[in-house]
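Step one of this worksheet: look at the structure below.
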Amino acid sequence: MSLKNTYEKSDVAMKIYIDDQPLEVKEGQNLLHAALSLGFDVPYFCWHEALGSVGACRQCAVIQYRDADDKKGRLVMSCMTPAVEGARISIDHPDAKSFRASVIEWLMTNHPHDCPICDEGGECHLQDMTLMTGHNYRRFRFNKRTFKNQDLGPYINHEMNRCITCYRCVRFYRDLAGGTDLNAFSSSNRVFFGRAEDGQLESEFSGNLVEICPTGVFTDKQFKQNYVRKWDLQVAPSVCQLCSLGCNITPGERGGIVRRIQNRFHSEINGYFICDKGRFGHTFVNSPDRLRKPLVRASRSSVQTETSYDDALAGLQSKILNAKATVAVASTTASLETNFALRKLVGPDNFFSPESQSQFDCVQFAHSVLQKRDLKSASLKEIEESDAVLIIGEDLTKTAPMMAFSVRQVVHHQAQKTALQLQIPKWNDAAIRNLVTEKTGPIFSLQTNVTKLDDVAEIKIQCDVSRMESIAAAIAGAHSDNLSAEDEKTARAIAEKLKGAQKPVIIAGASLESLALMKAAVQIAQALKAQIAFVLPASNSLGVHILGARSPSELKARLGNKVDLAIALHVENEKCDLTAADCIVAFDYINGPNVTRADIVLPVASFAESTGTLVNNEGRAQRFFRVFSPSEGLQDAWHLLTQIGSSYSSINDLTKEMASEIADLAGLDMHVTSSDFRICGQKIPRASSELSGRTAINANKTMHEPKPVQDPDSPYAHSMEGASAFVPASQAAVFWSPGWNSVQSLNKFQDEVGGPLKGGPSGFLLFAPRSETL
Amino acid sequence: MEKPLTHHIDSNKGPLTIAEWEAIGGYRSLRTAFQSAPKDIIKMISDSGLMGRGGAGFNTGFKMGAVPQGENAPKTKYLICNADEMEPGTFKDRWLLEGAPHQLIEGMIVAAHAISATCAYIFLRGEYKVAQRALENAVKEAYEKGYLGKNILGTDYSLEFHVHMSAGRYICGEETALINALEGRRAIPRAKPPFPQTSGLWGKPTLVQNVETLSNLSHIVNNGPAWFKSLGLANDAGTKLFGVSGKVKTPGAFELPMGTPVREIFEKYGGGMRDGLKFKAFLPGGASTDFLLESHLDLPMEYTSFAKAGTRMGTGQMIVLDDQTCPVGMILNLEKFFKQESCGFCTPCRDGLSWTARTLDAIECGKGEMRDIEILQRHARLLGPGNTFCALAPGAASPLATGLRIFADEFEEHIREKRCRYENLHR
């Protein structure tokens, strides 16, 4: 148990006593949060940092004393008790310990003995809390209540017998995610959490049930297809590549297969949750359509045949040398390093964006705005804390789901502020939701269609793009004759509300490919000195523009003349038609129609098998790290590219060169984890010390112990051995703490529970504003 | 003896019409109340010593005083009459609801005006169909006469009024679970603080009071706090609807002065035990109170005296246990009720009451084990106030804890003999 005094100097600190030990805590907390932040092990179930306290499970019971003379004390629930100046509690009091053990005993009266067959085993919060309380003897001799499970769709498995009725699932699903098709049914010890009838869960955030459920009621059904125990997984810090937000994730792999994706906490971006796309959208990594062998074809009419990397690269090298006109098409889903390596290979003049022209214009505009550094880009956390949000033409639930999730929290945040006026603290979740019954908040939404955020928007308009452009311009203060009186009125109302707000955020994006909308958004933000949040099409859209990719119309013009060689990255993710070029070379990780049209195909590693840096919609550069070594000679795309032309001994060198050559990336090499990073000379292990079968797993093929997979150019090792202590939290591969085997172990890696990871949030904001006041 | 609440009720005839009620002085209190400042009415009620008649015994005036008033208070406020009478052994509110709906409505208007409520609800137990008809009719009459609705009696005070039928769960008698049910949500209680006076129905200031409590208000306004105090025989003020059930000669509900000795209620009004049966023990206020013995029959039946004796009067509707009814079976019956009515929110009540009921069932049908006693005692101890989310489980623990103590030998006999000694008597 590590104890420390911790408080931020700007917040009021107060003294409390835990088992007679004086400690300092910030004001406004409940005792459970305070105790956990100080490093004490107090068990809990229904409390969660993101959900607040409700006092349902009774697991967090401690003894509270009135004052120093009170020797008897009384049992209170620490999650529901405010930490006030001079508060005295005892966690170790025998009555408290006994009661906490009884709570587990009660839960165990119905909990099935499923551990050996339950997916949650090994990362089960119930297991951890059971051990923590010391309950170990079964006195209940009657039979258990059982339930019929429901088919909740392809992603979530339902096993209700395991339920300990903590209510976390419905509170997350309904209160945080705004879902409506999951609820609590019945009463007494037959409470059932499920849908009105079998069917796929409708919320885009349903996957978080897997992590929020402290037992194995809701588990990852996709993971079940390729299940292994958590301790057998190899993990590394990665970043989701499926939209522009850059949520932090931890993929887990074993035996060359990505098994599952978990949330990786980032205080400024995704927090505790990710969307279902990010969580379940990894199956392409294991797909049989993965490209494994280079392919070539003699002519457009012949079939692609397998060849070796050496031959393919040699062929490509000769083509580059002989080509008079070469174009290279970047990828908005490939890392900065890969795109830069391609740019270096062909030269900046031949480096083009894969986007459509109107998309290009929008992202280019966003880039130029960020480059000016006079508007701050709002993080998802800042959006949650905003008191007025204007969304222009972005169906966030589809284009940036976790941003939609953050916008949803605006309503509750405002309710928390209202509740404080009645001395109801922020963490008293149920009281706040009882006090403020209004479901809408200061969210103003201009959309072309019905969206899933409509239920929280105070003002919403559904219209076509041109009408939307007029309304947005009107909010910015411009007048247009083709605006109806009603629209004019609404625009003024929105403008007034935005003016009256302390922390307004304007959200706009490239979905509708309307530059006018984005310009209006920026105008509004500038007028209000508000924060801007751009939604971009892909995980590295901004990165491609930072590297100076040229416009699609220029590419089209170039393709109008003779082009000897066209090199493209991640062709399956992009839409450009390169058939006009004499020879198309595709670097990609997955097969598809665009790949079959290429003349030379060079397979590359997927994101889970490679290391690189992406720039998210905020302009935050984040590095994702290779989780497992790719098979059969597959390499990172940048590595492959740099073998033609100059080659680097380390990604460090490439990053340094990139940082010095590209103005926007200045300093990047100082802010990403270097390959040389070591802790007391050791690398960070990707696997826990419990990983099983390392030597036995190949015994059917060969009796010889396999050589450990080398990963020389990385601070991480494909090993169980290495530095397991003092790993900075944002660089940690494995989050484990004694007694905390579940995702709740995260508490131990935050200075204050719910706050940034120890050592601060990761990522490098490339466009941090100059002004202090922003 | 004065019986202000029930002297006019004729159970054979049905409730008085509004004209009949007015003829005996009904709705007179509104004129007095409306001419006084709300805080003066609240003080009057406070001074009268009226304590909540739902079982908690909290000073009504004090409870009303906690509702925020004045310019900064929210404009919308609610008064709720808790007519969800579901405590086993309790049937006093039914008497008032079926027999004197206008008395309740009048009292509610007094209370609503005193807290500046804009809307009032009667949350009525779903099974009380007769009361529903009586109340809905009376409300209609009151609206027609202008005692409800806009600008009552030509003043600028308006009150919206609704009768709402409960879908039927015991926990709805808990004021915060009632509020959740009225909002159309799951009937689970709310943690306090905040209290309903601060954040209640739809987050607005709300006062919840029992039927009998509200029915007293018009009389207090008409006759003054001193009069009300004078009705009590010991410490507590006013009259109370007491009750006696069990195998007594004349079970029923009786309006008597607060502080009437228990023995008098039991023997004089309840008629004492039926011939051939002997008194064994009693629950003074329905299922959620302690088993008390012969010695407690000499207590004045009132909140204060019972509290001094280390127990609680509750609703004052006593259930008497005779010497030929199995106490284990009685306790099993009670615990099965509580287990079924548990809302399922907190662990000790949800899982503990189930374990308790299963264990008692095993004991009653001869499958008990000696260690069951210790398990039951542990539950009786652990399901205490503060350990659970609301008072349902502590209420369930009251008869269990005292029953295990008082009838210890009978529990042991059930387990040892593997049978109930009364099995031939009541099968």
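Since this is a predicted model, take the numbers as computed values, not measurements. Note that these values count all heavy atoms, side chains included, but never hydrogens, waters or copies made by symmetry. Throughout, protein chains are lettered first and strands after them, A, B, ... in sequence-line order, and every chain is numbered starting at 1.
More than 12 heavy atoms of other shown residues, nucleotides or ligands fall within 6.0 angstrom of atom NZ in B/K75. Counting heavy atoms of neighbouring residues, nucleotides and ligands inside a 6.0 Å radius, atom NZ of B/K367 does not exceed 12 of them. At most 12 non-hydrogen atoms from other residues, nucleotides or ligands lie less than 6.0 angstrom from NZ of B/K39.
With a 4.5 angstrom heavy-atom cutoff, B/R358 touches chain A via backbone and side-chain atoms both. Contacts of A/R145 with chain B are absent, with no heavy-atom separation under 4.5 Å from either backbone or side chain. With a 4.5 Å cut-off on non-hydrogen atoms, A/V76 does not touch chain B at all. Heavy-atom distances place the side chain of A/I424, and not its backbone, under 4.5 Å from chain B. In this structure, chain B has no heavy atom under 4.5 Å from any part of A/R74. Neither the backbone nor the side chain of A/D95 comes within contact range of chain B, judged by heavy atoms closer than 4.5 Å. Contact of A/T437 with chain B is made through the side chain alone, with heavy-atom distances under 4.5 Å. At a 4.5 Å heavy-atom cutoff, the contact between A/F142 and chain B is made by backbone and side-chain atoms alike. The parts of B/K339 that come within reach of chain A are both its backbone and its side chain, each placing non-hydrogen atoms under 4.5 angstrom from that chain. Neither the backbone nor the side chain of A/A430 comes within less than 4.5 Å of any heavy atom of chain B. For B/I375, the part sitting under 4.5 Å from any heavy atom of chain A is the side chain, from C-beta outward, and nothing else. Only the backbone of B/T388 comes within contact range of chain A, with at least one heavy atom under 4.5 Å from a heavy atom of that chain. For a residue to count as touching a neighbouring chain, one of its non-hydrogen atoms must lie under 4.5 Å from one of that chain's; by this rule A/T165 touches chain B with backbone and side chain alike. Heavy-atom distances place the backbone of A/S186, and not its side chain, under 4.5 Å from chain B. Neither the backbone nor the side chain of B/P68 comes within contact range of chain A, judged by heavy atoms closer than 4.5 Å.
Taken to the nearest 0.5 Å, the CG atom of A/L107 stands 4.5 Å off from the OG1 atom of B/T347. Between the OG1 atom of B/T198 and the CG atom of A/L435 there is a distance of 9.5 Å, given to the nearest 0.5 Å. Atom-to-atom distance recorded for B/N387:CG and A/L75:CG is 4.5 Å, nearest 0.5 angstrom. A distance of 7.0 Å separates CD in B/Q340 from CZ in A/R190, rounded to the nearest 0.5 Å. In this structure, B/I171 CD1 and A/S188 OG are separated by 11.0 Å, a value rounded to the nearest 0.5 Å.
Under the 6.0 Å cut-off for aromatic ring centres, A/F140 and B/W355 qualify, their centroids lying closer than that.
Between B/E369 and A/R139, none of the side-chain N atoms (NZ, or NE/NH1/NH2) sits under 4.0 Å from a carboxylate O, so this pair counts as no salt bridge. Ionic pairing of A/R141 and B/D372 is present here: one or more N-O contacts between side-chain nitrogen and carboxylate oxygen are shorter than 4.0 angstrom.
Note on B/R185, B/E183, B/K204, B/E341: by heavy-atom pairs under 4.5 Å with chain A, the leading option is B/R185. When each of B/T359, B/I188, B/I179 is checked for heavy-atom pairs under 4.5 Å with chain A, B/T359 comes out on top. Between chain B and the options A/C46, A/C57, A/A431, heavy-atom pairs under 4.5 Å are most frequent for A/C57.
Between the side chains of A/N434 and B/S199, no donor-acceptor pair is found at a separation under 3.5 Å. No side-chain N or O of A/N110 forms a donor-acceptor pair with one of B/R350 less than 3.5 Å apart. Judged purely by distance below 3.5 Å, without hydrogens or angles, the side chains of B/R378 and A/S102 pair a donor atom with an acceptor atom.
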When you look at B/R169 and A/S187, which way does the side chain to side chain contact (heavy atoms under 4.5 Å, CB included) test go after all the steps?
CA-CA 10 Å; B/R169 289 226 78 95; A/S187 63; 4.1 Å; yes

Show your reasoning for whether side chain to side chain contact (heavy atoms under 4.5 Å, CB included) applies to A/M77 and B/F389.
CA-CA 10 Å; A/M77 300 307 130; B/F389 194 71; over 6 Å; no

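Of the possible polar contacts, one joining the B/R186 side chain to the A/A184 backbone as a donor-acceptor pair under 3.5 Å is found.
At a threshold of 4.5 Å between non-hydrogen side-chain atoms, the residues B/P348 and A/F99 count as touching. In this structure, the side chains of A/W106 and B/H379 come closer than 4.5 Å at one or more pairs of heavy atoms.
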